[in-house]
Amino acid sequence: MANDQCLACHVEEEYLPEGYLENDIHTQAGLSCAGCHGGDPTSDDADIAMSPAAGFVGVPSRQEVPQFCGKCHSDIGIMRQYQPRIATDQVAQYYTSVHGQRLQEGDQKVAECVSCHTAHGILRAKDARSTVYPLNVPGTCQRCHGDADYMKEYGIPSNQYDDYAKSVHGQALLENQDTGAPACNDCHGNHGAVPPGVASVGQVCGHCHVNNMQYFIASRMGEAFAEEELHGCEECHGNHRVEKTNDDMIGTSDKSVCVDCHAEGDPGYEVAKTIRAQLAKLTQSYDKAIARQSEVQRIGMDDVDIGYLLREAHQSLIQARTLVHTFDPEKVAPKTEEGVVKADEALVAAVAQIKEHKVRRRGLGMATLFITMLVVALFFKVRQMETR
Ligand code: HEC
Ligand code: HEC
Ligand code: HEC
Ligand code: HEC
Ligand code: HEC
Ligand code: HEC
Ligand code: HEC
Ligand code: HEC
Ligand code: HEC
């Protein structure tokens, strides 16, 4: 790059493209402006350097951008010289996306490579300043998808970012910087942006929530959802605004999701009621034991074993809540019962500690009394000896 005439002259002319960064990955890799725009980077004569004869292609139109980048990024021979494992399917994937297909139909407003990556300030995806770094992806998509005017003609909502930012996922990623939580591209793909269809939505969520997916797909209801083209996880949890869950989501109260589709008398309704009761039994036992545990802690007795049992009970509760996705009380029961046994054992142990404490206090009282009497007796004895 040191002898690159394209850069040298453009710096001199103060005609660097908007958003140009010196640490742009292509510049860093020693690729000249000519790598993308063509031309002869060794000539300091503008007419030669930027002549079509030297392969100069100038500024690509939006429609041309994917191929323009794909010249290198789709060529494994070029790319593996720089990164042995870099993917070369971005362009191919892109053309399967809604963005790519609309672009081919002539739509000028969809995202192409530059919309998400910029053209002259491209950083590695792993670089925290990159527009496609996980924490920055939602903002990158939001620029178009959150603009109601821009999206108006397409008849799709423009609230994805707002909903997402309020969701458990959005809060985990944007507020707690937990990159294990999904950004837009974890559900929609980096380059193949399409809404996950009926068949794939469970797979998308199941990529991270493995057990929930397996239980759900194997359940009677999972089969029914597939037949009736219902949207899997999304029917109960939503897509962008996935909220923290709680036991009230199952059962027959109006906070339950089950009553949206199951009315009194049908098997789903009965199952909702039963599973809710199983969970309630466990949480009640657990809460009771927890209350006793804090009493044990307050009086300063040993709660190590109690804590251990309670952790096991809590583990069962977590697993039972995942087993809800079997929608089968017989599969949930072993876990909730196991948890109840542990919680009850913890309760018994706590009660024993509290009793022990009382016994000790009584013993201590007796001992104090005895010692006091002894001291008093000694006192009189000494006085008696002194007067004598
Ligand atoms: C001696 C100076 C000089 C050199 C060398 C030079 N440029 Fe330019 N370039 C300019 C100037 C001045 C303009 C703006 C006027 C114009 O379009 O001719 C320009 C315009 C451009 C444009 C915008 C064209 C458009 O249609 O808007 C691109 C892209 C470009 N240069 C890329 C390159 C590349 C790639 C090289 C190296 C192969 C290069 N330049 C070499 C001076 C130079
Ligand atoms: C990674 C490929 C790539 C590299 C490397 C690259 N460009 Fe570009 N350039 C593009 C694309 C794509 C566009 C059109 C999209 C846009 O306007 O942002 C563009 C547009 C331009 C334009 C016209 C629009 C504007 O912002 O003024 C100029 C001038 C330009 N480039 C100059 C350069 C110069 C000078 C260099 C080297 C320092 C360079 N480019 C390196 C991809 C590249
Ligand atoms: C809708 C936004 C979007 C568009 C359009 C887009 N990308 Fe990406 N791209 C991403 C995201 C997000 C990542 C980051 C993936 C990650 O975190 O690993 C990425 C990653 C990359 C990477 C790093 C390697 C990889 O595959 O993960 C390359 C190279 C790349 N994109 C090139 C392109 C090219 C070429 C195009 C045009 C054909 C393009 N991108 C279009 C969003 C986009
Ligand atoms: C002249 C060949 C060439 C062209 C044309 C080109 N790139 Fe690249 N690009 C590379 C190379 C080589 C690297 C890898 C550099 C490295 O890993 O050190 C790279 C890296 C990238 C990365 C970072 C990948 C990562 O590791 O995260 C992105 C994103 C990217 N390019 C996007 C684009 C986009 C968008 C365009 C079109 C505007 C484009 N590239 C055009 C050669 C090219
Ligand atoms: C340059 C603006 C722009 C950017 C940036 C952008 N999109 Fe889009 N996107 C559009 C437009 C316009 C459409 C077309 C809407 C349609 O046809 O329904 C679209 C369509 C989509 C669709 C298909 C919607 C449908 O109708 O089925 C998805 C999914 C999508 N984008 C996801 C993303 C994600 C994820 C990102 C960020 C990684 C992103 N987009 C970035 C403009 C953009
Ligand atoms: C947890 C997974 C997930 C995340 C994260 C996610 N989406 Fe979606 N998205 C979905 C699902 C599922 C659908 C709906 C599919 C359906 O019902 O047809 C969808 C639909 C869409 C659509 C089509 C229009 C609509 O609203 O139904 C767009 C556009 C879109 N998402 C953009 C985004 C953007 C932008 C982000 C980031 C701010 C994002 N999505 C984050 C899963 C996700
Ligand atoms: C990239 C991995 C990933 C994907 C994909 C994903 N999630 Fe999550 N999900 C997480 C993480 C991590 C958390 C924990 C966030 C937190 O609370 O810190 C979470 C939390 C949740 C919660 C709240 C759990 C609770 O304890 O109450 C629900 C419900 C959920 N996700 C459902 C879904 C659904 C439905 C989808 C698909 C539309 C999905 N997830 C896609 C990683 C993912
Ligand atoms: C028919 C409704 C329904 C469907 C479909 C559904 N869930 Fe749930 N989900 C629930 C209910 C109810 C709870 C709350 C259980 C509790 O806390 O008692 C829950 C809890 C969760 C939790 C938090 C508890 C845990 O397991 O960590 C996650 C994560 C979750 N669901 C993910 C998913 C995923 C992923 C899918 C799709 C494969 C899915 N759910 C499908 C109703 C559903
Ligand atoms: C989006 C609608 C929808 C929601 C929400 C929903 N179900 Fe279902 N459920 C169905 C459909 C459709 C069937 C299949 C038809 C049938 O067998 O009754 C089904 C079947 C079932 C079955 C199998 C019944 C049988 O005949 O063996 C059970 C059990 C069940 N659901 C439990 C639940 C529970 C528990 C919840 C709440 C956590 C719930 N469902 C929420 C739609 C739903």
Side-chain angles (χ1 to χ4, degrees), residues 4-10 12-13 15 17 25 32-51 54-60 65-70 72-74 79 83 86-95 97-100 103 110-117 122 124-126 130-134 136-142 144-146 151 154 156-165 167 169-170 173 179 181-191 193-198 200-201 204-205 208 231-234 237-240 242:
D4 188 83
Q5 298 304 321
C6 313
L7 184 61
C9 179
H10 275 261
E12 200 179 296
E13 296 277 330
Y15 184 35
I25 179 102
S32 164
C33 314
C36 281
H37 290 287
D40 178 359
T42 61
S43 167
D44 60 3
D45 180 334
D47 289 335
I48 298 173
M50 296 189 291
S51 67
F56 186 69
V57 292
V59 179
V65 166
Q67 298 300 347
F68 183 86
C69 310
C72 300
H73 281 282
S74 303
M79 294 312 297
Q83 277 188 47
I86 198 168
T88 47
D89 61 349
Q90 295 89 2
V91 177
Q93 289 232 15
Y94 172 75
Y95 281 127
S97 74
V98 174
H99 295 145
L103 187 79
V110 291
E112 28 77 357
C113 320
V114 170
S115 328
C116 295
H117 290 288
I122 299 180
R124 272 188 207 291
K126 282 201 277 302
S130 161
T131 50
V132 298
Y133 184 69
N136 304 333
V137 164
T140 298
C141 312
Q142 147 89 344
C144 301
H145 283 283
M151 295 307 292
Y154 298 100
I156 59 171
S158 55
N159 60 355
Q160 295 91 5
Y161 181 89
D162 291 345
D163 276 358
Y164 168 78
S167 75
H169 295 141
L173 185 80
T179 48
C184 317
N185 58 324
D186 287 301
C187 293
H188 290 289
N190 296 336
H191 300 111
V194 283
V198 170
S200 61
V201 82
V204 164
C205 314
C208 299
H231 283 198
C233 326
E234 202 187 331
H237 293 290
N239 52 14
H240 299 124
V242 173

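Each residue takes its place number in the sequence, starting with 1. Both ligands and their constituent atoms are indexed starting at 1 by order of listing. Bear in mind the structure is a predicted one, so any value in this text is a computation, not a measurement. Just so you know, these numbers use all the heavy atoms, side chains as well, and skip hydrogens, waters and symmetry mates.
Between Tyr164 and His240, the distance separating the two ring centers is not shorter than 6.0 angstrom. Phe68 has its ring centre less than 6.0 Å from the ring centre of His37.
Once rounded to the nearest 0.5 Å, the distance linking CD of Gln160 with SG of Cys184 reads 8.5 Å. The CD1 atom of Ile122 lies 9.0 Å from the CD1 atom of Ile25; values are rounded to the nearest 0.5 Å. The distance from the CG atom of Asp40 to the CD atom of Gln5 is 9.5 Å, given to the nearest 0.5 Å.
For atom 8 (Fe) of ligand 1, protein N, O or S atoms closer than 2.8 Å were enumerated as His10 NE2, Met50 SD, with waters left out.
Of the heavy atoms in Ala8, none comes closer than 4.0 Å to ligand 1. Proximity of Asp4 to ligand 1, defined as any heavy-atom pair under 4.0 Å, is not found for any part of the residue.
Less than 4.0 angstrom separates some heavy atom of Glu112 from each of these atoms of ligand 3: 5 (C). For ligand 3, the atoms sitting less than 4.0 Å from at least one non-hydrogen atom of Cys69 are 35 (C), numbered in the order shown with element in parentheses. Residue Val91 has at least one heavy-atom neighbour below 4.0 Å for each of these atoms of ligand 3: 38 (C). Near Cys116, the atoms of ligand 3 lying under 4.0 angstrom from a non-hydrogen atom of the residue are 1 (C), 2 (C), 3 (C), 4 (C), 5 (C), 42 (C), 43 (C). Contact atoms of ligand 3 toward Val132: 10 (C), 11 (C), 12 (C), 13 (C), 14 (C), 42 (C) (distance under 4.0 Å to a heavy atom of the residue). Here is the list of ligand 1 atoms found below 4.0 Å of a heavy atom in Ala34: 35 (C), 38 (C). Taking every non-hydrogen atom of Gly38 and a distance limit under 4.0 Å, the qualifying atoms of ligand 1 come out as 35 (C), 38 (C). Taking every non-hydrogen atom of Phe56 and a distance limit under 4.0 Å, the qualifying atoms of ligand 1 come out as 28 (C), 29 (C), 30 (C), 32 (C), 33 (C), 34 (C), 35 (C). Set against the non-hydrogen atoms of Asp40, the atoms of ligand 1 under 4.0 Å away are 38 (C). Of all atoms in ligand 1, numbered sequentially from 1 with element shown, those under 4.0 Å from a heavy atom of Ser43 are 5 (C). When each atom of ligand 1 is checked for a heavy atom of Asp44 under 4.0 Å away, the hits are 1 (C). The distance from ligand 1 to the heavy atoms of Gln5 drops below 4.0 Å at these ligand atoms: 5 (C).
Of all the heavy atoms in Pro41 and Gly39, the pair that sits closest is CD-O, 3.4 Å. Minimum interatomic distance between Asp47 and Asp45 (heavy atoms only, all atoms of both residues): N-OD1, 2.8 Å. Taking every heavy atom of both residues into account, Leu173 and Pro138 meet most closely at CD2-CG, 4.1 Å. The two residues Thr131 and Thr140 make their nearest non-hydrogen contact at O-OG1, 2.6 Å. The two residues Pro182 and Cys187 have their closest heavy-atom pair at CB-SG, 4.3 Å. Cys116 and Val132 make their closest contact through O-CG1, 3.6 Å (heavy atoms, listed as atom of the first residue, atom of the second, distance).
The backbone N or O of Ser130 lies less than 3.5 Å from a partner atom in the side chain of Asn136, making a donor-acceptor pair.
A donor-acceptor contact closer than 3.5 angstrom links the side chains of Glu234 and Asn239.
Considering backbone and side-chain atoms together, Gln90 places an N or O closer than 3.5 Å to an N or O of ligand 3. Checked against a 3.5 angstrom limit, the closest N/O atoms of His99 and ligand 3 fall outside it. Annotation: His73 places no N or O atom under 3.5 Å from an N or O atom of ligand 3; distance criterion only.
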I'd like a table of the close N/O pairs between ligand 6 and the protein (anything under 3.5 Å), one pair per line with both atom names and the distance.
{"unit_1": "ligand 6", "atom_1": "7 (N)", "unit_2": "His188", "atom_2": "NE2", "d": "2.9"}
{"unit_1": "ligand 6", "atom_1": "7 (N)", "unit_2": "His240", "atom_2": "NE2", "d": "2.9"}
{"unit_1": "ligand 6", "atom_1": "9 (N)", "unit_2": "His188", "atom_2": "NE2", "d": "2.9"}
{"unit_1": "ligand 6", "atom_1": "9 (N)", "unit_2": "His240", "atom_2": "NE2", "d": "2.9"}
{"unit_1": "ligand 6", "atom_1": "17 (O)", "unit_2": "His231", "atom_2": "ND1", "d": "3.0"}
{"unit_1": "ligand 6", "atom_1": "17 (O)", "unit_2": "Glu234", "atom_2": "OE1", "d": "3.3"}
{"unit_1": "ligand 6", "atom_1": "17 (O)", "unit_2": "Glu234", "atom_2": "OE2", "d": "2.9"}
{"unit_1": "ligand 6", "atom_1": "26 (O)", "unit_2": "Gln160", "atom_2": "NE2", "d": "3.0"}
{"unit_1": "ligand 6", "atom_1": "31 (N)", "unit_2": "His188", "atom_2": "NE2", "d": "2.8"}
{"unit_1": "ligand 6", "atom_1": "31 (N)", "unit_2": "His240", "atom_2": "NE2", "d": "2.8"}
{"unit_1": "ligand 6", "atom_1": "40 (N)", "unit_2": "His188", "atom_2": "NE2", "d": "2.8"}
{"unit_1": "ligand 6", "atom_1": "40 (N)", "unit_2": "His240", "atom_2": "NE2", "d": "2.8"}

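Counting only heavy atoms from C-beta outward, the side chains of Gln90 and Ser74 never approach each other to under 4.5 Å. Side-chain contact between Gln83 and Arg124 is present, with at least one heavy-atom pair separated by less than 4.5 Å.
Among the atoms of His191, an N, O or S atom falls under 2.8 Å from atom 8 (Fe) of ligand 3. Residue contact annotation: His117 places an N/O/S atom under 2.8 Å from atom 8 (Fe) of ligand 3.
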